[in-house]
Amino acid sequence: MSRQLNMDTQRQNFWKEEYLREKMLRCEWHHKYGSLVRAKQKAKAAARLPLKLPTLASEAPPSPQPVPKAVPSKAPSPVPEASFQSEMYPVPPATRALLYEGISHDLQGRHRYLNTRKLDLPETRYLLPITTNFTYGWQLGPPVKQELVSCKMCRIESFFRKNGAFALLDPRDLAL
């Protein structure tokens, strides 16, 4: 469809005047309400910022008195320092070695490492429960398999109708 070009001088002046009037209305609105809009935007932006908690001033413990060098120092503790920075126990070397054997595509390497790590109980992997969901399963022990005690024929006799699908219903079967 082609556009109709029946624009004469009068119509051109009309659209020019309309455009200028709309432009002036926008400028007046911005002059009148612009500061309010900016203030609301700043308030919303401040509300989106994360809450900053005050830092606690750490009191330095009193410096210990110098110990004579004749006293032997204690042996380093068996727990590595990394365990204090991490929430997990260190991975046993045998399990870590699985990472470097083969590739995941062949169900080895990372795939086998993750599956082996998944089989460990959470108590052996983590120092403390990290989330509240951990507390539900913490130190539960191995799952206990419970088998169904009833026999197959008991289930069949109690489930199916004795007279067939289209037989007249027994009055005792009807709910009143």
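Aromatic rings of Y126 and F134 (six-membered ring for Trp) have centroids within the 6.0 Å cut-off, being under it.
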Does T9 form a side chain to side chain contact (heavy atoms under 4.5 Å, CB included) with F14? I'd like the steps, not just the answer. CA-CA 9 Å; T9 309; F14 165 77; over 6 Å; no
Side chain to side chain contact (heavy atoms under 4.5 Å, CB included) between M24 and L20: does it pass, once the steps are laid out? CA-CA 6 Å; M24 287 302 296; L20 291 174; 5.5 Å; no
Between N115 and K118, is the side chain to side chain contact (heavy atoms under 4.5 Å, CB included) condition met? List the steps. CA-CA 5 Å; N115 282 336; K118 181 175 57 174; 3.3 Å; yes
Side chain to side chain contact (heavy atoms under 4.5 Å, CB included), that's the test. Do M7 and Q12 meet it? Break it down for me. CA-CA 6 Å; M7 292 286 276; Q12 283 180 349; 4.1 Å; yes
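Taking CD of E87 as the start and CG of L127 as the end, the distance is 8.5 Å to the nearest 0.5 Å. Atom NE2 of H111 is separated from atom CG of D106 by 11.0 Å, given to the nearest 0.5 angstrom.
Around the CZ atom of R96, the shell of radius 6.0 Å holds no more than 12 heavy atoms that belong to other residues, nucleotides or ligands. Within a 6.0 Å sphere centred on CD of E18, heavy atoms belonging to other residues, nucleotides or ligands number more than 12.
Partners of E22 by side chain to side chain donor-acceptor pair (under 3.5 Å), not counting sequence neighbours, listed by chain and number: R26.
Cluster annotation: L114 is connected to Y100 through the hydrophobic network of ILVMFWY side chains, with a link wherever side-chain heavy atoms come within less than 4.5 Å. L119 and L121 end up in different hydrophobic clusters when Ile, Leu, Val, Met, Phe, Trp and Tyr side chains are linked at under 4.5 Å.
Heavy-atom minimum distance, L107 versus R112: O-CB, 3.9 Å. Of all heavy-atom pairs spanning T124 and Y89, the tightest one is O-CD1, 3.4 Å. Considering all non-hydrogen atoms of both residues, Y113 and T95 come closest at CD1-O, 3.2 Å. Heavy atoms only, all atoms of each residue included: R110 and L99 are closest at CA-CD2, 4.0 Å.
In this structure, R117 pairs ionically with D120, as a charged nitrogen and a carboxylate oxygen lie closer than 4.0 Å.
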